[in-house]
Amino acid sequence: ASTLGAQAAQSGRYFGTAVAAGRLGDGTYTGILDREFNSVTPENEMKWDTTERSRGSFNFGPGDQIVNRAAAHGQRMRGHTLVWHSQLPSWVSSIRDANTLRSVMNNHITQVMNHYKGRIYAWDVVNEAFADGGSGQQRSSVFRDVLGTGFIEEAFRTARSADPAAKLCYNDYSIENWSDAKTQGVYRMVRDFKSRGVPIDCVGFQSHFGTGGPPSSFQTTLSNFAALGVDVQITELDIAQASSAAYANTVRACMNVARCTGITVWGIRDSDSWRSGENPLLFDRSGNKKAAYQSTLTALGGA
Ligand code: G3I
């Protein structure tokens, strides 16, 4: 096939991108979006500071814009994200009472998932809950500090009741290198969840890589998580300077793991990227395919 999405589909996978509602009026942007991608993740529009900026008052406008457009173009949706310490309104981060925070968290998950019920393929239920560095433990956040480490289990159980058809993912960065303490911490959590029947269906590896691309253990990491009985997905891929080899190595790691169900890049053109100074994406500022586009298509099995 001659596009990323169509080529990924030949092996039953998707190839997606982050989308920003504010760019949907740009015809170059939407032209590439609809030609190349068959999955969409809202870059910011489903985060707590947009969806529930004040308690109990929900705003689904920007998210709906992206979801409705994706549906009209036959693109699947990843929901991003329900419980995250960042882009979290201060009315939430200042709660100190556990019963209050528990009901606020569960209500947020339930309301947002109910609104999008039936339209989301996979939800990033909890995002970036583990600490960087050598601890292998959860990071400090209002959720962990007030509710305890069990907040992640609580969030996944609530999510399963809200939309039993959506795949429920844990999503994080710097968990691609197998030997890292952070990777091991997330692995132990997923193993524990599977052994106790806590509902979890997938793990998202954000994959914000430096110039060298993925660590050499990346495929091992993907297959070890998959062996626990979850799907794995590359959820926010970008690579400093976007070398062809680094993109190809990343895509091959996923292609070599049966339960690696899809890849999402974190933006379309370099100018759309949160790290635009590093030119980390597959299309240049004018929307032309970069060399890494071809190596990605080839690694997906295309010509
Ligand atoms: O909402 C305001 C808007 O009102 C204002 O006009 C504009 C002016 O700059 O700022 C807007 O907020 C920005 C928002 O993006 C929307 O553009 C924030 O300042 C900016 O911090 C925010 O950055 C996002 C970042 O998450 C925040 O943490 C990036 O776009 C987004 O790509 C990035 O995505 C995250 C994933 O969600 C999780 N993993 C890491 C990844 C990269 O940081």
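Reckoned from all heavy atoms, side chains included, excluding hydrogens, waters and symmetry mates. No experiment lies behind these values; they were computed from the predicted model shown.
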Compute whether any side-chain donor of one residue and acceptor of the other, for [X] and [Y], lie under 3.5 angstrom apart.
X: Q219; Y: R252; answer: no
X: D97; Y: T100; answer: yes
X: T261; Y: Q233; answer: yes
X: N127; Y: H85; answer: no
X: R285; Y: N279; answer: yes
X: T158; Y: E154; answer: no
X: D172; Y: Q206; answer: no
X: Q75; Y: N38; answer: no

Are the side chains of [X] and [Y] in touch, meaning some heavy atoms are under 4.5 Å apart?
X: N171; Y: V126; value: no
X: V83; Y: I109; value: yes
X: R102; Y: F151; value: no
X: I175; Y: T221; value: no
X: L4; Y: L297; value: yes
X: F143; Y: I152; value: no
X: I234; Y: F218; value: yes
X: T250; Y: L237; value: yes

Answer yes or no: does atom CZ of R35 have more than 12 heavy-atom neighbours from other residues, nucleotides or ligands under 6.0 Å?
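Atom CZ in R35 is crowded, with more than 12 foreign heavy atoms closer than 6.0 Å.
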Out of curiosity, does [Y] fall in the hydrophobic cluster containing [X] (side-chain heavy atoms, cut-off under 4.5 Å, transitive links)?
X: L33; Y: L282; answer: yes
X: W84; Y: M46; answer: no
X: W274; Y: I263; answer: no
X: I239; Y: W266; answer: no

Is [X] reaching over with its side chain to a backbone N or O of [Y], donor-acceptor style, under 3.5 angstrom?
X: T183; Y: S179; result: no
X: Q7; Y: A1; result: yes
X: D49; Y: R53; result: no
X: S276; Y: D272; result: no
X: K194; Y: G229; result: yes

State plainly whether the residues [X] and [Y] are in salt-bridge range, i.e. N to O under 4.0 Å.
X: D270; Y: R275; answer: no
X: R188; Y: D192; answer: no
X: D124; Y: K167; answer: no
X: D26; Y: R23; answer: no
X: D231; Y: R259; answer: yes
X: R139; Y: E128; answer: no

Centroid-centroid under 6.0 Å between [X] and [Y] rings:
X: W123; Y: H80; value: no
X: Y170; Y: F156; value: no
X: Y187; Y: W178; value: yes
X: Y14; Y: F37; value: no

Please determine whether ring pair (Phe, Tyr, Trp, His ring centres under 6.0 Å) holds for the pair F209 and Y247, giving the CA-CA distance in whole Å, both sets of side-chain angles, and the decisive distance to 0.1 Å.
CA-CA 10 Å; F209 293 136; Y247 264 97; 9.0 Å; no
Can you list the steps and then say if R191 with N224 is a side-chain hydrogen bond (donor to acceptor under 3.5 Å, both in side chains)?
CA-CA 10 Å; R191 190 175 57 189; N224 286 348; over 6 Å; no
Check the pair H108, F58 against side chain to side chain contact (heavy atoms under 4.5 Å, CB included), reporting the backbone distance first and the verdict last.
CA-CA 9 Å; H108 182 78; F58 287 85; 3.9 Å; yes
Worked check of salt bridge (charged side-chain N to carboxylate O under 4.0 Å, His left out) between R160 and D201
CA-CA 10 Å; R160 181 67 95 220; D201 306 305; 2.9 Å; yes
For a quick test of reading the model, state the closest non-hydrogen atom pair linking [X] to [Y] and the distance between them.
X: L222; Y: V257; value: CB-CG2, 4.0 Å
X: R78; Y: S39; value: CG-OG, 4.2 Å
X: A162; Y: M113; value: CB-CB, 3.8 Å
X: P214; Y: N249; value: CG-CB, 4.0 Å
X: A21; Y: E45; value: N-OE2, 2.6 Å
X: A299; Y: M255; value: O-CG, 3.5 Å

When rounded to the nearest 0.5 angstrom, what distance separates CG in D180 from CZ in F130?
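So the CG of D180 and the CZ of F130 are separated by 14.0 Å.
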To the nearest 0.5 Å, what is the distance between CG (N288) and OG1 (T28)?
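N288 CG to T28 OG1: 9.5 Å, rounded to 0.5 Å.
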Take V104 and R55 through the side chain to side chain contact (heavy atoms under 4.5 Å, CB included) test and state the conclusion after the steps.
CA-CA 8 Å; V104 159; R55 185 171 177 178; 3.6 Å; yes
Apply the test side chain to side chain contact (heavy atoms under 4.5 Å, CB included) to residues D34 and Y29: give CA-CA distance (whole Å), side-chain angles for both, the deciding distance (0.1 Å), then the verdict.
CA-CA 9 Å; D34 297 334; Y29 182 87; over 6 Å; no
Report the C-alpha separation of V190 and V203 in whole Å, then their side-chain angles, then the decisive distance to 0.1 Å, and conclude whether the side chain to side chain contact (heavy atoms under 4.5 Å, CB included) test is met.
CA-CA 8 Å; V190 175; V203 175; 3.8 Å; yes
Can R76 be said to sit on top of Y121's aromatic six-ring, NZ or CZ under 6.0 Å from centre and within 45° of the ring axis?
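Positive - R76 is close enough to the ring of Y121 and near enough to its axis.
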Give a yes/no verdict on a cation-pi contact between K182 and Y173, requiring under 6.0 Å between NZ or CZ and the six-membered ring centre and an angle within 45° of the axis.
yes
